[in-house]
Amino acid sequence: MPDPVYALAIELTPNSMTTVSSDVLRATYTRTIATALRPLQADNAMFELRNEGGKYTTGRNGAVQLAIGRDIQFTATYGGSAFNLFFGRVDRVRRQPLTGDNTNVVVEVVGGGDRLSRAVITTPLFTNINAGSLFTEIMTRANVASFFSDALTDTIPYAWFRDVSARFATDQLIRSGDYRMYVDGAGTVRLRSRYWATTSGTAISSLTEFFSLNINTDTREVINEAKINTIPREQITSPSTIAYISPPFTVPGSGSVGFWLQFLDPFNISQNVPVTSLVTPVASQDYYAAANSDGTGTNYTANISLTMATFGETAVVSLFNGSGNTAYLSRFQLRGYPLRALSPLGVRTENVSSQNVYGKHGFDLDNALIQDYAYIRDYSSNLVSQYKDPVDSIEIGLVNDFTSILMGDVGTTLSIVHSISNVASSWAVQNTSHDISLVDGLRHQTDFRFDRLTGANLFTLDSATLGTLDGSGVLAL
């Protein structure tokens, strides 16, 4: 079968991709999965381009402009199939203009995880929201163009975010349900269930020959003490004053003012509090405007119109003064139904036998998305049960094994057979690192890191093999 054909397209002009494949000398890229134990990282790529005649030299007449922030798509075609290898944005362009026009140009690219790190989001308060729906809300507010979620069954009682990065929000979501997340080669952000890439699946390839092979068993990811903490919330059923303004300020005649207000816990005004709903402000009762700062003089309250947008712990308010005269707003308050914070709740699970052998290896999780005690207890117990002993991992290197290299994306399952090491089982790809040289022939080397499939004995609904109560399965979280 002929070798793969690689293609690199760059957004040289806005919303228009241009193929520059003939100039590519070398390409590298990485991709990894985020889990409850491994925070989300930004994947990255590097492309070295031939710069004959100063084709990519900035400032040269007719030169191609490699603008920072533009899209890049790297693909391959092999055996009649197309493979998306990497999608990202130009982060840095390295040139050496003093060495001549023929110096190669290096383009450094960051993947979709970088966008999540830079996007700051604020959400309203969501009540009893499905975990997949919350993922959609986060992606939408981060302006992520393409995303996907498995059909998740977990319900999150209360969720809100205020001025946090989308990366922080997604990490909190991943850790709340032990989910997996990654950005695929087409740039789609994918959230997967806790069982994905942990239960037996069809191996895409069986590997018996390797460029390199490392079999690792260590204690770095041992967990024999898990502590999960949250702050339960109680819905207050009577309206309370949760924001107010003092002292008075002016609203210009035929003009407007706008401001943000943070909601305060009526039981402890030093703490912010989320609010499920607001009472519609009532003129004269919740706000009052007059000619003088002490509330005397002509009453302009009827001339004040109010618009408001609410978020989890804040509201943005705009007031318009329909009169032609300056008015003092001598009273303004918001009333609503807050979610009062209760005493912090935590569960700790330990395995003393593991601690006696490996020492204490702790895992602490503070997560406001988790509210239910039984869920926290089972989550903590499941972590210790799964990670109380060293976790096996395998690192392999492949060179020009194009079927396995191109199909072996993160999360896929490969069967690894090595008789000397007594390895003959299926493993899930956790991260990949590719190095492709197109000079003097094609050389595509890929380094894989695999984790052993850990969920083969879990009772899993809607599975022909794992959904049978035959006495060999245990209940999954």
Side-chain angles (χ1 to χ4, degrees), residues 33-39 131 150 152-156 171-181 191-201 215-230 344-367 369-394 411 413 423 425-431 449-463 465-477:
I33 292 178
T35 68
L37 276 63
R38 302 168 188 161
D150 281 347
L152 305 177
T153 59
D154 295 328
T155 297
I156 298 173
D171 269 335
Q172 289 291 297
L173 177 59
I174 291 168
R175 289 160 69 87
S176 75
D178 195 20
Y179 306 125
R180 281 86 174 110
M181 197 180 83
L191 181 69
R192 312 308 295 258
S193 78
R194 64 178 65 91
Y195 309 116
W196 181 76
T198 61
T199 54
S200 297
I215 302 174
N216 306 309
T217 302
D218 58 51
T219 62
R220 283 181 296 178
E221 290 192 353
V222 167
I223 298 176
N224 49 37
E225 181 190 63
K227 293 185 290 186
I228 300 181
N229 308 297
T230 190
L345 172 66
V347 173
R348 180 174 68 179
T349 302
E350 294 184 272
N351 187 291
V352 176
S353 297
S354 173
Q355 292 177 3
N356 289 337
V357 176
Y358 309 113
K360 185 172 288 189
H361 291 259
F363 175 82
D364 292 348
L365 173 60
D366 296 308
N367 196 296
L369 299 181
I370 307 173
Q371 293 281 302
D372 183 68
Y373 168 77
Y375 184 96
I376 296 174
R377 178 199 61 205
D378 292 344
Y379 192 173
S380 175
S381 176
N382 181 69
L383 285 173
V384 172
S385 175
Q386 185 171 347
Y387 296 104
K388 65 181 184 297
D389 297 311
V391 177
D392 295 334
S393 66
I394 287 182
T413 301
V423 174
S425 55
S426 294
W427 298 71
V429 180
Q430 298 301 306
N431 60 270
R449 183 187 183 279
F450 298 86
D451 281 354
R452 186 189 296 275
L453 296 178
T454 58
N457 67 327
L458 296 180
F459 176 74
T460 307
L461 295 175
D462 302 323
S463 171
T465 56
L466 303 174
T468 303
L469 288 173
D470 58 1
S472 64
V474 296
L475 288 178
L477 174 65

Shortest non-hydrogen contact between [X] and [Y], atoms and distance:
X    : Y    : answer
I174 : M181 : CD1-CB, 3.6 Å
L173 : A131 : CD2-O, 3.9 Å
W196 : D150 : CB-OD2, 4.4 Å
D218 : E221 : OD1-N, 4.4 Å
K227 : D364 : CE-OD1, 2.9 Å
P39  : A34  : C-CB, 4.1 Å

[X] side-chain N/O to [Y] backbone N/O, donor-acceptor pair under 3.5 Å:
X    : Y    : answer
T35  : R38  : yes
N351 : S353 : yes
N367 : I228 : no
R194 : R192 : no
S176 : I370 : no

Quick check on side chain to side chain contact (heavy atoms under 4.5 Å, CB included): which of L37, N224, N382 does Y387 satisfy it with?
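Checked L37, N224, N382 against Y387; only one passes side chain to side chain contact (heavy atoms under 4.5 Å, CB included): L37.
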side-chain hydrogen bond (donor to acceptor under 3.5 Å, both in side chains) with R348: which residues, sequence neighbours excluded?
none
Using the test salt bridge (charged side-chain N to carboxylate O under 4.0 Å, His left out), find all partners of R449 that sit at least two apart in sequence or belong to another chain.
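In terms of salt bridge (charged side-chain N to carboxylate O under 4.0 Å, His left out), with neighbours along the sequence ignored, R449 is linked to D451.
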Rounded distance [0.5 Å steps], [atom1] in [X] versus [atom2] in [Y]:
X    : Y    : atom1 : atom2 : value
D178 : S193 : CG    : OG    : 9.5 Å
F450 : N431 : CZ    : CG    : 10.0 Å
L345 : D372 : CG    : CG    : 9.5 Å

Under the side-chain contact (heavy atoms from CB on, under 4.5 Å) test, which residues partner D366, sequence neighbours left out?
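Result, side-chain contact (heavy atoms from CB on, under 4.5 Å) vs D366: N229.
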Between D392 and T217, do the side chains contain a donor N or O and an acceptor N or O under 3.5 Å apart?
yes
Do the side chains of V429 and I33 get nearer than 4.5 Å, heavy atoms only?
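No, their side chains stay 4.5 Å or more apart.
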Quick one: are V384 and F363 in side-chain contact, heavy atoms under 4.5 Å?
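The answer is no; the side chains never approach within 4.5 Å.
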CA sep, side-chain torsions, deciding dist, call: L383, L365, side-chain contact (heavy atoms from CB on, under 4.5 Å)
CA-CA 11 Å; L383 285 173; L365 173 60; 5.8 Å; no
